[in-house]
Every structure is written in structure tokens, then in C-alpha cells.
Amino acid sequence: MRLPALRDTTFLANERGTISIMFGAAIIAVVGFVGLSIDVGRSMDAHSKAASALDAAALAATRAVFSGDKSVAEIETLAADFFESNLQSVGDIGADYSDFTADVDTDTKTVKVQTVVHVPTTFGRIFGIDKVNYTVAARATFNVQDIELSLVLDITGSMCTPCSKIGALKDAATELVDTLMPENGGGGDVKIALAPYSASVNVGAYSDAATDGLSLDHCAYERTAHAYKDTAPGPGKYFRAANPGNPSDIDAYQGNSTYSCPDSEIVPLTQDREMLETAIDNLSTGGWTAGHIGAAWGWYMISDKWAGIFTGASAPQPYGTENLIKAVVLMTDGDFNTAWANGSSASQAISICDAMKDEDVIVYAVSFQSPNHPTLQACASTDNGSGDLLYWDANNSNDLIAAFKDIAIRLTNLRLDK
């Protein structure tokens, strides 16, 4: 009698064991590589935080070079303080930012800052990598030219829906003024004008000269003659204004719910930093959006043709003055939707911007929570050096502040070179 053959299970058992070992090794590798990707992400985040903090430190230190009241050692300490405070503001991810250094060159007006970043790994230790180390650096050069700048700022009702929007605008505009007008003086002759606008522009003490005394509320809106020129007001060239007794304005105002006169007045060119910041802080909102009127008055305040209106220290220098930049920052949070004559506000704004640019006025355009704004894009100048369109889409408060900061950097040739 033949006995049934015995099955040899040794090989099968060994085969199953081999597969288990291979599977376990594969799991370890997969976990390791996934973990490494997490460590790499943390490293990139640490690099971004270091770069942002270094930028702030370099800009602050370079501005301090122009203040003239700090020694090199004090500027180096200032840079280190800015670096540390900006690191704290962006949060802690466990990275070590050691060996911060600042190199100040007062001759070239350049500050270079750098730090060594150490990012401890969590999963990288599986492969024997305990930490990732690298150096991050930034360099800023401040070369201020003479500047005449108008800030054309949207103060319509939508800027207070929510009111954090007007708060962000105030912060952004104030930081720009601080950059261009350091507390203890800068390297150039910088003057800034303020042109807040809604459905009209409050021209304050200049209303009689602009409207031939017709304005009852100190506000003005577009004129039909010389509509797209910077011609100073005069006979046949005056601006229209709210006056029901004036037959030409009855249709524009009687029963028209879109008209309003903003409380905030224009501020002609000035070097008074405190006055500008007070005016910015006091901006109040309301009304519809006649952006073309704001753009026009921003232009007038830097046009030499208006030197007979804006006199004394507020008088604009002639076009073509050597080493002088004339510029306008045109900002809005919505469509240009209000006009009283000459066609749409958008088409008029573009015509005014084109005329400004023909006089070599640089137009910086900022759209706040109103992306891909075709009117502002058409208005914006192109940077002669980089070819960049000088237009920004700001989706939130931080973006708006960053846009105004970038404009200040471009205006002052305050360059950040990594």
C-alpha cells in the first residue's frame, strides 16, 4: 500500500516570509519618502519666512542709511531687530535662524543681510538626515530721485463693505508715505499729493478757481472742454459743479441719486509727512465711483500748467525737469460706474491716463478685490526697464500693502536683489 506523498511546505513558508520582508521594506521606503516630502515642504516654508523677514530688514536698514542719524553699528542692530520681529509675525515652524549678519555700505547706499537656516527633520532621520541647512540673503539699494506723486484713492461706499478695506488702504498708503519720506529725511526731494474720490472730488479751497465760484459744496466733476487735457481752469475751461441754479447742471443733479460730494478733500503736493498721514487716517467713505475724475485731479496736482492754482511749495515743477519722476497711483476696488458728461467713466479714465503717459507721467494702477480690471490695466504704464505692466491685483489687505510697497520700491529705485 502506497502512502500519500507528504507536501513540502518549507519553500512555501519561506516564500511567504520573503514577500513579507519585501513588503515591509517597501512600506518603510514609502513612508520615508512621504516623510521626506513633508520635511522638504517645511524647509521651503522656512526659506520663504526667512526671505520675507530679510527683505524687511534690508529695506528698513537701507532707509536708515538716508536718515543720517544712525551709525553703521546702529543700522546693523536695526536690521537685526526688524529681522527678528518679522520672523515672529509669520509664526514659528521650529526652524532655527542663526548667524544673522548685516553688511552696510554707506558709499553705495547698499545693505546686504543674510542668515543661516537650520530646519530639523522628522522623517528624514530614517535616511540619516537630521537637519537641512542653507543660507538665505537679500540686498537692498536705495537711490532716491526727486519725486512728485499723486495718490488717487477710492473712498466710495464699497470701501466700507467691509470697513476693513478702507483700513487696509490707510495702512498701505501710510506705509508708502513712510518709505518715500523717512522720518529724518531721504535722499531726494519728494512731494506727495492726495486725491481721494467717489462720485466727484472735493477740491476744497480750490473750488472757486476750478468752477468759477459755481460749486456750493466745494466739489467738482468733469468739464466738457479740455476734458482730457491738464489745461488749467479759466474761461471756457472751468469744471462743472453742483449748483441747481446753473442751467447746464440741472440735468446732472436734480433727482440724480448717484451724485455725492466726499468729505475728504484733496491735498496738493507737500513734504509735510505728518499732514499727509493725518489726511490718510481721516479718509471717510461713501458714494459711487467716478474714477476718471480722481485720475484727472491726481494729474492736475503734478502738472506744471497748474502752478498758478497750486502755488508756493505745492507748485509742480516743469515737465522734463532733470532727475524728476512724476507719477500717479490710481487705486479702486470696483468698476468706474459714474460719469456726468463725455461718455463712460472707464473710457474717460483711459483717455486721461493716455494723456498723462504722453507727458511721461508714470501711472501705477492697483485693483483691490476687483481682479483683472481692464480699465486699470489700460491705464497702467509699462516699466521701461523690466517691461512689466505697472498693475497689481490685490485680493486681500496683505496684497494691497504689498502692492503699495512694491510701488514705493520702484519709485525710489530701492532694489531687492537676492
Side-chain angles (χ1 to χ4, degrees), residues 36 38-122 124-125 128-145 175-176 178-188 385-386 398 401-418:
L36 268 181
I38 295 173
D39 287 335
V40 169
R42 290 178 64 243
S43 178
M44 293 175 64
D45 193 20
H47 183 283
S48 176
K49 287 175 170 37
S52 178
L54 287 171
D55 286 351
L59 293 174
T62 309
R63 288 197 298 267
V65 171
F66 276 92
S67 69
D69 65 341
K70 289 182 173 61
S71 66
V72 169
E74 288 173 328
I75 294 173
E76 291 172 349
T77 300
L78 174 70
D81 290 344
F82 262 81
F83 177 69
E84 289 295 333
S85 65
N86 276 271
L87 278 180
Q88 293 173 10
S89 69
V90 296
D92 180 23
I93 62 168
D96 173 37
Y97 303 89
S98 64
D99 302 323
F100 173 86
T101 59
D103 182 15
V104 179
D105 189 333
T106 56
D107 292 332
T108 62
K109 300 177 179 61
T110 299
V111 175
K112 180 181 179 180
V113 292
Q114 70 176 35
T115 188
V116 179
V117 183
H118 306 279
V119 186
T121 62
T122 301
R125 298 180 184 184
I129 304 172
D130 294 330
K131 65 175 63 175
V132 178
N133 307 313
Y134 50 85
T135 300
V136 185
R139 183 176 61 190
T141 302
F142 205 173
N143 181 26
V144 179
Q145 293 180 278
E175 184 168 329
L176 182 145
D178 285 342
T179 300
L180 298 181
M181 294 179 168
E183 187 172 355
N184 295 291
S386 65
N398 289 335
I401 292 170
F404 274 63
K405 177 182 175 181
D406 193 19
I407 291 169
I409 289 171
R410 290 172 182 270
L411 275 169
T412 58
N413 292 323
L414 181 53
R415 298 186 302 275
L416 281 167
D417 304 314
K418 298 296 188 296

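Because only heavy atoms are used, hydrogens play no part in the values below, and waters and symmetry mates are left out as well, while side chains stay in. Nothing here was measured: the structure is a model prediction, and the numbers come from that model.
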* To do: Using ring pair (Phe, Tyr, Trp, His ring centres under 6.0 Å) as the criterion, list what pairs up with Phe100, not counting sequence neighbours.
  =>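 Partners of Phe100 by the ring pair (Phe, Tyr, Trp, His ring centres under 6.0 Å) criterion, ordered by chain and then number, come out as Phe83.
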* Does Phe404 have any ring pair (Phe, Tyr, Trp, His ring centres under 6.0 Å) partners at least two apart in sequence or in another chain, and if so, which? ->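 Phe404 satisfies ring pair (Phe, Tyr, Trp, His ring centres under 6.0 Å) with no residue once adjacent residues are dropped.
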* **Close side-chain approach of Tyr97 and Glu84, heavy atoms under 4.5 Å** =>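 A side-chain contact under 4.5 Å is absent here.
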* His47 side chain near Val136 side chain, heavy-atom distance below 4.5 Å ->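 SC-SC contact between His47 and Val136 confirmed.
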Minimum heavy-atom distance between [X] and [Y], given as atom pair plus value:
{"X": "Lys112", "Y": "Ala137", "value": "CE-CB, 4.3 Å"}
{"X": "Leu78", "Y": "Ala60", "value": "CD2-O, 3.8 Å"}
{"X": "Lys405", "Y": "Leu59", "value": "CE-CD1, 3.2 Å"}
{"X": "Ala50", "Y": "Val117", "value": "CB-CG2, 4.0 Å"}

Sequence neighbours excluded, which residues qualify as side-chain hydrogen bond (donor to acceptor under 3.5 Å, both in side chains) partners of [X]?
{"X": "Asp81", "result": "none"}
{"X": "Thr135", "result": "none"}
{"X": "Asp103", "result": "none"}

Calculate, to the nearest 0.5 Å, the distance between atoms [atom1] and [atom2] belonging to [X] and [Y] respectively.
{"X": "Gln114", "Y": "Asp99", "atom1": "CD", "atom2": "CG", "result": "9.0 Å"}
{"X": "Leu176", "Y": "Leu180", "atom1": "CG", "atom2": "CG", "result": "4.5 Å"}
{"X": "Thr62", "Y": "Arg139", "atom1": "OG1", "atom2": "CZ", "result": "11.0 Å"}

* **Step-by-step side chain to side chain contact (heavy atoms under 4.5 Å, CB included) determination, Leu54 to Thr115** => CA-CA 8 Å; Leu54 287 171; Thr115 188; 4.1 Å; yes
* To do: Can you sort out the partners of Ile75 under side chain to side chain contact (heavy atoms under 4.5 Å, CB included), two or more places apart, ordered by chain and number?
  =>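 For Ile75, the residues satisfying side chain to side chain contact (heavy atoms under 4.5 Å, CB included) (neighbours in sequence not counted) are Ala61, Ala64, Val65, Lys70, Val104.
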Got a donor-acceptor contact below 3.5 angstrom from the [X] side chain to the [Y] backbone?
{"X": "Thr179", "Y": "Glu175", "answer": "yes"}
{"X": "Ser85", "Y": "Phe82", "answer": "yes"}
{"X": "Thr110", "Y": "Thr106", "answer": "no"}

